[in-house]
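A short worksheet on the structure shown next.
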Number of protein chains: 2
Amino acid sequence: MIASPPGPAPATYPVPHGAEQGGVVSRVTLQTIADQVGVSRMTVSNAFSRPDQLSAEMRRTILAAAADLGYVGPDPSARALARGTTGAVGVLLTESLGTAFLDPIAAAFFGAVAEELAPTGLAVVLLPSTSSEGMIPARDIPMDGALVYGCAGDYPAVDWLVKRRLPLVFVDGEPVAEASSVLLDERHGARLGAQHLLDLGHTRIGIFTMNSTEPPGWAPDPASAGSGFVARERQIGWVETLRAAGVTPVVMEVHDNAEPYVSEGARALLDGPDRPTAVLCFSDLMAAAVVHAAEELGLRVPDDLSVVGFDDSPLARRLRPALTTVHQDFAAKGKAAAAALTSSIARFRAGAAPEPEEHRILVDLVVRDSTAPPRPA
Amino acid sequence: MIASPPGPAPATYPVPHGAEQGGVVSRVTLQTIADQVGVSRMTVSNAFSRPDQLSAEMRRTILAAAADLGYVGPDPSARALARGTTGAVGVLLTESLGTAFLDPIAAAFFGAVAEELAPTGLAVVLLPSTSSEGMIPARDIPMDGALVYGCAGDYPAVDWLVKRRLPLVFVDGEPVAEASSVLLDERHGARLGAQHLLDLGHTRIGIFTMNSTEPPGWAPDPASAGSGFVARERQIGWVETLRAAGVTPVVMEVHDNAEPYVSEGARALLDGPDRPTAVLCFSDLMAAAVVHAAEELGLRVPDDLSVVGFDDSPLARRLRPALTTVHQDFAAKGKAAAAALTSSIARFRAGAAPEPEEHRILVDLVVRDSTAPPRPA
DNA sequence: CCGGGTTACTTTATCGGTACAGAAGGAATC
DNA sequence: GATTCCTTCTGTACCGATAAAGTAACCCGG
């Protein structure tokens with residue numbers, strides 16, 4: 001043990017202000033301030049949270065003392081417990097988060113939601129669907145409600161949210177009972193794309209879609225291809241429309257919407273014996289891959305091959321040739337989701353019964369330069 | 001009032017289970033379960049949070065009773081208060097959230113962080129920098145630490161985070177003292193781009209960058225153009241390198257990195273009397289705008305105009321011609337940020353002094369098809 | 001049959017707030 | 001001059017958990 005140097009006791013370090021006591025920094029709470037000012041703890045609480053409950057002068061005194069002590073504001077966790085609200089809502093994404101944000105659609109939607117929610121004072125928590133070391137975010141993170149984006153209802157994380165009886169809104173996925181939903185008119189969009197190709201005169205049509213449950217490759221049965229709510233809906237729209245015209249499409253499925261996976265599928269789709277003259281794609285990303293593959297095979301788009309995307313992501317306009325695609329309005333989707341959620345939360349707080357709303361976002365076809373009549377054989 | 005039907009009392013609605021009491025659903029807590037099973041509340045808590053503290057059999061009994069009562073798990077807010085940790089970390093973005101996620105760089109980074117953090121059991125909260133109706137997320141949201149992305153240090157939200165003495169990590173922005181930081185080697189990247197153009201023989205070089213504080217247009221002084229930490233760093237790298245070769249660039253500034261703003265600037269840059277033969281751009285998005293503007297003016301890239309981007313976003317490879325750009329590794333950036341934050345939080349919990357780390361992410365030049373020697377005049 | 005080490009629970013003391021029902025004092029009302 | 005009404009604080013009672021220390025029973029070797 002080293003003896004203290006002689007002389008006066010060494011000054012305590014200038015930790016924030018006050019609050020240090022014999023070396024141990026005891027935390028500053030409402031009580032600390034109350035003691036210092038000589039009022040009750042409740043009055044200090046009111047100074048921060050309900051200014052109308054005390055005189056302006058007292059409030060100033062308290063706030064000054066608080067600032068002096070380095071007090072920032074009521075502890076968020078404690079407040080959440082006492083008030084029963086947290087000021088945050090969750091967003092659950094099915095996919096791995098890393099890849100979800102590579103998808104401009106998901107990212108834009110997410111941004112739109114956050115933006116729309118900001119003025120209401122709600123922050124957005126991104127919920128990993130993977131649980132780890134005993135922590136299950138969907139079960140363990142404090143929140144006032146949640147958005148479920150593109151998830152199958154049977155997902156375990158969704159289950160936790162439901163069990164917690166949180167106000168929920170389902171976006172781009174099959175909603176569970178009692179919860180609001182925001183959906184695109186997927187089938188209609190798909191129909192528009194298919195009809196466009198039929199109108200141009202195509203009869204050998206390929207579909208390039210997503211199926212994470214089957215091995216990638218040709219789908220044996222066009223009618224039942226695609227996995228997940230969205231892929232299935234679009235598939236129905238496509239097949240329905242094509243069948244009505246007597247056209248049976250060939251269907252190529254890949255596991256994932258993202259780059260490493262789609263290139264191979266795109267090439268396989270175009271490299272077959274009876275190459276389609278037009279392709280309907282699940283997404284713009286996949287359409288881009290098809291265009292790319294076509295280029296590599298020496299095919300010209302749209303002369304040798306027409307390509308239709310889905311989503312109208314920023315990419316679609318930038319691609320050469322600019323992509324014909326089904327346009328969806330992310331901002332509107334985000335806005336609708338945010339609104340549905342806040343109203344759902346408001347009802348919940350008021351103790352009212354949930355009143356599921358169902359928003360359907362309109363889509364339309366944007367014809368650009370990637371589609372044309374088939375070349376006469 | 002409608003009289004109840006005769007006969008036995010109507011069955012209570014099958015609300016979760018138990019818990020209803022004269023119409024009022026009193027919430028199920030640890031105590032409810034404890035009473036039901038006949039053990040202390042603490043034992044129930046342990047059944048959920050510390051399984052090694054009780055017998056397997058008792059645990060099963062308790063969990064069964066809990067499930068029966070519709071109890072999901074310890075209340076997150078209460079747990080956060082008692083434990084002093086919340087299981088969430090904030091991410092603060094300067095820009096409006098809606099536009100931030102239109103930027104693939106920011107989105108990819110965000111995704112990488114969330115992904116990297118997921119295994120540690122931490123969820124990510126997106127903090128709007130705008131405060132509203134008395135709610136200031138940076139001050140009022142429960143969290144264990146935060147990432148500050150691309151923000152100037154003088155931002156009010158940053159101030160709150162600092163005042164709260166949360167473990168912080170600054171990414172792509174000027175760090176404050178005592179906090180870790182993750183930065184790109186911006187200057188080096190800029191130098192590589194500039195040197196590449198010089199090596200190709202360009203001497204009339206334009207810079208197309210971002211400045212949100214000055215009105216858009218030509219910057220009077222190349223040396224001091226650009227606003228924000230990143231833009232400034234890149235500017236320094238560019239100007240330094242060009243000056244060493246005796247080249248003085250012309251500099252066009254726009255307010256924002258995103259689409260509606262950049263097109264006009266790009267056109268102005270190429271429409272001047274003494275058009276540059278090559279342009280260094282602040283981002284790939286801006287480079288895409290320049291390529292676009294060139295096309296519209298009937299200029300061919302790279303024959304009539306060389307264009308260098310920055311970031312190597314997914315867009316760069318997809319653009320035609322594929323973009324020469326400075327590559328940064330988002331995944332690595334996200335990983336580094338996540339790691340710095342978790343270690344910072346760990347130190348904080350251990351009561352240790354903060355130990356600022358500084359990570360520098362390497363960048364390199366990817367030469368693709370958008371750059372070539374200038375055409376002989 | 002006793003001390004030492006487990007195992008399985010229980011007790012006590014917070015964590016840091018907020019809601020709501022008073023209470024005290026002065027002003028306004030009749 | 002008593003009644004009522006504000007305004008401005010205070011007291012009490014939670015919110016729903018966890019940490020750490022305490023206690024009782026049990027097991028085991030000596």
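Please read all numbers here as calculations on a predicted model, not as lab measurements. Letters go in sequence order (proteins before strands), and every chain restarts at 1.
In this structure, the side-chain contact (heavy atoms from CB on, under 4.5 Å) partners of A/T342, at least two apart in sequence or on a different chain, are A/L117, A/T120, A/L122. Taking the side chain to side chain donor-acceptor pair (under 3.5 Å) definition, one finds that A/S343 meets it with A/E357, sequence neighbours left out. Under the side chain to side chain donor-acceptor pair (under 3.5 Å) criterion, B/R349 pairs with B/D144, sequence neighbours left out. By the ring-ring contact (aromatic ring centres under 6.0 Å, His included) test, B/Y71 is found to be paired with B/F48, residues two or more places apart in sequence or in another chain being considered. B/R139 is linked by a side-chain contact (heavy atoms from CB on, under 4.5 Å) to A/V72, B/I136, B/W160, counting only residues two or more places apart in sequence or in another chain. In this structure A/D140 satisfies the side chain to side chain donor-acceptor pair (under 3.5 Å) test with no other residue, sequence neighbours excluded.
Atom-to-atom, CG of B/L81 to P of C/dA13 comes out at 18 Å; the value is rounded to the nearest Å. For the pair B/Q31 CD and C/dT12 P, the interatomic distance rounds to 14 Å; values are reported in whole Å. Atom CG of A/D35 is separated from atom P of C/dG16 by 14 Å (rounded to the nearest Å). Atoms CZ (A/R79) and C1' (C/dC15) sit 16 Å apart, rounded to a whole Å. The distance from atom CZ of B/R59 to atom P of C/dA8 is 13 Å, rounded to the nearest whole Å.
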Which pairs, protein N/O on one side and nucleotides 19-22 of chain C N/O on the other, fall under 3.5 Å?
from	atom 1	to	atom 2	distance (Å)
C/dA19	OP2	A/R50	NH1	3.0

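Residue pairs satisfying the salt bridge (charged side-chain N to carboxylate O under 4.0 Å, His left out) criterion with at least one member in residues 75-90 of chain B, sequence neighbours excluded, are listed as follows: B/R27-B/D75. Listed by first then second residue, pairs satisfying side-chain hydrogen bond (donor to acceptor under 3.5 Å, both in side chains) with a partner in residues 109-118 of chain B read A/S96-B/E115, not counting sequence neighbours.
Residue contacts shown for A/T29 are limited to sugar-phosphate atoms, with no base heavy atom under 4.0 Å away. B/S55 comes within 4.0 angstrom of sugar-phosphate atoms only, judged by non-hydrogen atoms across all strands, and of no base.
In this structure, the helix from C/dC1-D/dG30 to C/dC30-D/dG1 shows an angle of 40° between the axis at its start and the axis at its end, each fitted on 5 base pairs and rounded to 10°.
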Only pairs under 3.5 Å count here: list side-chain donor-acceptor contacts from residues 50-59 of chain A, not counting sequence neighbours, and write none if there are none.
from	atom 1	to	atom 2	distance (Å)
A/S55	OG	A/M58	N	3.2
A/R59	NE	A/A47	O	2.7
A/R59	NH2	A/A47	O	3.3

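You'll find the side chain of A/L147 stays beyond 4.5 Å of the side chain of A/V89, heavy atoms only.
The outermost nucleotides of DNA chain D lying under 4.0 Å from heavy atoms of chain A, listed 5' to 3', are D/dT8 to D/dG16.
Positionally, the nearest nucleotide of DNA chain D for B/Y71 lies more toward the 5' end than for the other of B/Y71 and B/Q53.
Just one of A/Y149, A/F109, A/F110 meets the ring pair (Phe, Tyr, Trp, His ring centres under 6.0 Å) condition when paired with A/F101; it is A/F110.
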